[in-house]
*Asks:* 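The structure that follows is given in the form of structure tokens.
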Amino acid sequence: MRAGTISVTDLHVTFRSRQGLVAALAGLTLDITAGELACIVGPSGCGKTTLLRVLAGLQPADAGHAWIQPADAARPTAGMVFQNGGVFPWYTVAENVGYGLRMRGIAPAQRAPIVRRWLAEIGLERFADAYPAQLSGGMLQRVGLARAFAYDPAVLLMDEPFAALDAQNRLLLQQTLLRQWEGDGRTVLFVTHGIDEALALGDRVYVMSARPGRIIATIDVPFQRPRDAAALRSDPRFGTLYGEIWSVLRDEVARARDAERDEADI
Amino acid sequence: MTRRDRALSLLSPLALLLVWELAVASTWLNRIFYPPPSEVLVTLVELAMSGQLVRDAGISLLRVTVGFVLGAVPAIVVGILMGIAAPVRAAVRPLAAAIYPIPKIALLPLIIVSLGIGETSKIVTIAVSVFFLVVLNVAASVLQVDPRMFDVARSFGARARELFWTVALPGSMPGIMASIKLGVGYALTLIVGIEFVGANDGIGRLIWQSYEVYAIDRMVAALIVVALIGWLATVLLDEVEYLLVPWQATSVRIRETRMQHYARTWWRAMRPWSYTAAIIPVLLGSSIAAVAGTVDGWLLFLTLIGSVAIQGGTNLINDYYDYQKGTDRPGSIGTGDAILQGALTPRQVFAGGLVAFALGAVIGLYLVSVSGPLILWIGIASLAVGFFYTAGPFALAYHGLGELAVFIFMGPVIVAGSYYVQRQDAPLGVVLAALPVGFLVAAILHANNLRDLDGDRRSGKRTLATILGRAGARTELYVLLIGAYVVLSALVVAGITPWPTLLGLVTLPVAVRLMRIAAAESEPARLQPIVPLAAQLHLQTGVLMIVGWLVALALPRT
């Protein structure tokens, strides 16, 4: 198995809540080829984030298993990009970007050139010594992205990283991501609730059901690489695929809503 | 805050002090119960001079510091442990929560019973109080660290040790810092109470003792010192916070030491090289007083500080209004303007000017109390002229009155005022003896205006130079320079000033050089040297005249 291959089999995760046990994932199975940019769309609360947390080792599974084929010992298996960036407010931009490298035990002198390269990549060289409080939301998200890329994991787990951004910034960051990924070919698992975002970025789109989450559809995205995330939207196939995904998703969104209402009644 | 609100917030405390002062002066308030601000100030200075204030404040500070460190350091350690380890939290919290609400001063008798009435009981009371306050706050701030940050760190492979050092500790640092500030404030409150009850010294004892003998002025003076210590502690802790929590939005600034940066910026903004204009006349007036009798060094020192404060304040206020009115522009020559260089905001500069004025006013009030009312009028007039030099609809400097104002105030007024502080008298001879200095200080300003003639004309700033035109302005410069030497000589001939003051004539060649440049050039860049030359002339001639007076002091009296 190639490094960066993701294999999830019959995964179950259950949370305890005031209403009793809530199944977040029930029997989720998913296989992602190494080097693929896979997008997961699903209604809110369907367990997308839970899946990523299990893969990142932040959340134990109750049953089944989730596996990422590791690379050699020197390279980390998985790195995560969080919603809103997940940037440490107490570190400067440069310290944040270098955090993963620091955790890998790389000495400051070796970290510096890598950090500089990634700061240049995201256009924040001038903010190297600034603190996050001085940055805008879009800039923070870029820092989170650079931190994950600098960490250089075999698999990049991205949890709705651009959801909180305005449309223009989202487009710019999507292009940044594509540019980086098309260069290095690592596996990316990208969770989003935007169908258009999934189509613009992904090789394949996985649709998740309402809670408890399972994969209910897989759509191959035919657009060639390298892609322009902005120009893509005028392609006629884009509309067809959008409609296809939405027809699957619509029922799940309705179900998720009903479930929420039921919970409120309890 | 609007401009009006800002003015109100500054004026209201001053107005209160003024009303208080006047109410006592008119016997409407009883002086014994409500000593006026001026009397409190005199008492404060007396207490400071006698060394008692320093001794009492020192011992109180020592108790607070030792008690605080003994309480806060273990509290921070235990608090962090409570935050990260549930068992520690479970064990300590009930105890701490039970003791926390007790007003700690109530524990003092208990502690005295077991430890005696000496220093130990005072320090332990503070340490115990600080401990329980800080420990709960630190524990809470560790628990409040954003749990997502732990996830982020874990996703990059951070283990327990790394989670502590890169997330738990820095994440709770702002809260820890806030707890420390809280603890210091609490300790300062406590020490005063503790010293009320059982102490032979300390600032609290001073307050209580003053109450017992009904010395309200001393009581208020001691209260001012307590407030001052509290304020200093805040400033110091802000500095510590900046070092430990540099990422906080409030403290995000340039990373180098803020104190140094500030000191340098302000030092430049206040244009210290212009202070000779404030120092020379004070020294001259005091030298003349020395010839007439004796000079009190302490008063001389205060007069110097007061004079420099008003000068520095005037510089800052001028910068502010020049900026507001748009006369100083980036690229204009010779401006020492911190606003244009972006180092300070206009508001900061304005506030700094008012602070300097306030310092001058406080010193002035003290000098009024030891010399007499003339200083009050001089002080008020100086502040008014300093302020309205560039402020208000009728800014003196913009109506061709700058030279006149400077001539009068940086010449005869300061010289006579400094004399008056020492001798409680201002004879005409002193005023006349100040004239050469007045001419030369006006010449510095005029050299400046002559250089900026074209620029000022464009921006509509009406200086004497723009009114008179280039030829007239040159003549004015000659009059001021030659006038200084003519008056200097005439005073000696008339027997008003002693003959050694003729030493001042030695600088004549510098004046000639200056006049030659002024006659030959009209471009600002080429005229630039006349400004430092004029300043040099004022300084050297002034010093030589002072030397002349001091020489006269050594000569046998006729």
Side-chain angles (χ1 to χ4, degrees), chain A residues 49-50 52-60 70 73-106 127-135 140 143-144 147-153 155-159, chain B residues 76 80 83-84 86 138 141-180 238 240-258 260-261 342 345:
Chain A
T49 301
T50 306
L52 289 193
R53 288 173 54 84
V54 172
L55 285 168
L58 299 172
Q59 172 75 50
R75 196 178 176 201
T77 307
M80 194 147 167
V81 180
F82 291 80
Q83 282 182 44
N84 303 315
V87 172
F88 298 116
W90 46 83
Y91 287 138
T92 63
V93 167
E95 286 166 342
N96 264 292
V97 172
Y99 184 83
L101 296 168
R102 181 177 159 195
M103 290 302 114
R104 283 174 58 183
I106 294 169
F127 291 86
D129 294 320
Y131 284 101
Q134 295 160 284
L135 269 53
L140 291 176
V143 174
R147 179 176 58 189
F149 270 106
Y151 186 52
D152 193 28
V155 171
L156 208 52
L157 304 168
M158 304 183 73
D159 184 12
Chain B
I76 292 170
I80 291 176
I84 54 181
V138 168
S141 56
V142 176
L143 287 171
Q144 273 159 16
V145 176
D146 186 348
R148 286 174 305 178
M149 290 299 146
F150 288 99
D151 275 349
V152 173
R154 249 184 250 123
S155 81
F156 287 106
R159 285 174 300 269
R161 221 170 68 96
E162 286 136 351
L163 287 177
F164 176 80
W165 287 109
T166 68
V167 182
L169 191 63
S172 47
M173 214 56 217
I176 293 175
M177 204 52 227
S179 323
I180 289 175
D238 280 347
V240 172
E241 180 174 34
Y242 175 71
L243 286 173
L244 291 180
V245 197
W247 61 86
Q248 285 274 286
T250 48
S251 57
V252 169
R253 293 204 184 97
I254 311 156
R255 232 186 169 187
E256 55 178 298
T257 67
R258 192 176 54 166
Q260 278 175 359
H261 175 74
T345 66

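Residue numbers begin at 1 in each chain, while the letters A, B, ... track the order of the sequences. In what follows, every heavy atom counts, from backbone to side chain, and hydrogens, waters and symmetry copies are set aside.
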*Asks:* Report which part of A/N84 has an atom under 4.5 Å of a heavy atom belonging to chain B: side chain, backbone, both, or neither.
*Replies:*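 Contact with chain B involves the side chain of A/N84 alone.
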
*Asks:* Counting heavy-atom pairs under 4.5 Å with chain B, which one of A/G79, A/P89, A/A56, A/P153 comes out on top?
*Replies:*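 Heavy-atom pairs under 4.5 Å are most numerous for A/P89.
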
*Asks:* Establish, for the pair A/R147 and A/F88, whether the NZ or CZ atom is under 6.0 angstrom from the six-membered ring centre and no further than 45 degrees off its axis.
*Replies:* yes

*Asks:* When you compare the side chain of A/Y99 with that of A/M103, does any pair of heavy atoms fall below 4.5 Å?
*Replies:* yes

*Asks:* Which bit of A/A78 is near chain B, if near means a heavy-atom gap under 4.5 Å: side chain, backbone, both or neither?
*Replies:*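 For A/A78, the contact with chain B is made by the backbone alone.
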
*Asks:* Name the orientation class of the two ring planes belonging to A/Y131 and B/W247 (parallel below 30°, tilted from 30 to 60°, perpendicular beyond 60°).
*Replies:* tilted

*Asks:* Using a 3.5 Å cut-off and no angle test, enumerate the donor-acceptor pairs between side-chain atoms of residues 148-156 of chain B and protein atoms at least two apart in sequence or in another chain.
*Replies:*
from	atom 1	to	atom 2	distance (Å)
B/R148	NE	B/D146	OD1	3.3
B/R148	NE	B/D146	OD2	3.4
B/R148	NH2	B/D146	OD2	2.9
B/D151	OD1	B/R154	NH1	3.1
B/D151	OD2	A/R53	NH1	2.5
B/S155	OG	B/V152	O	2.7

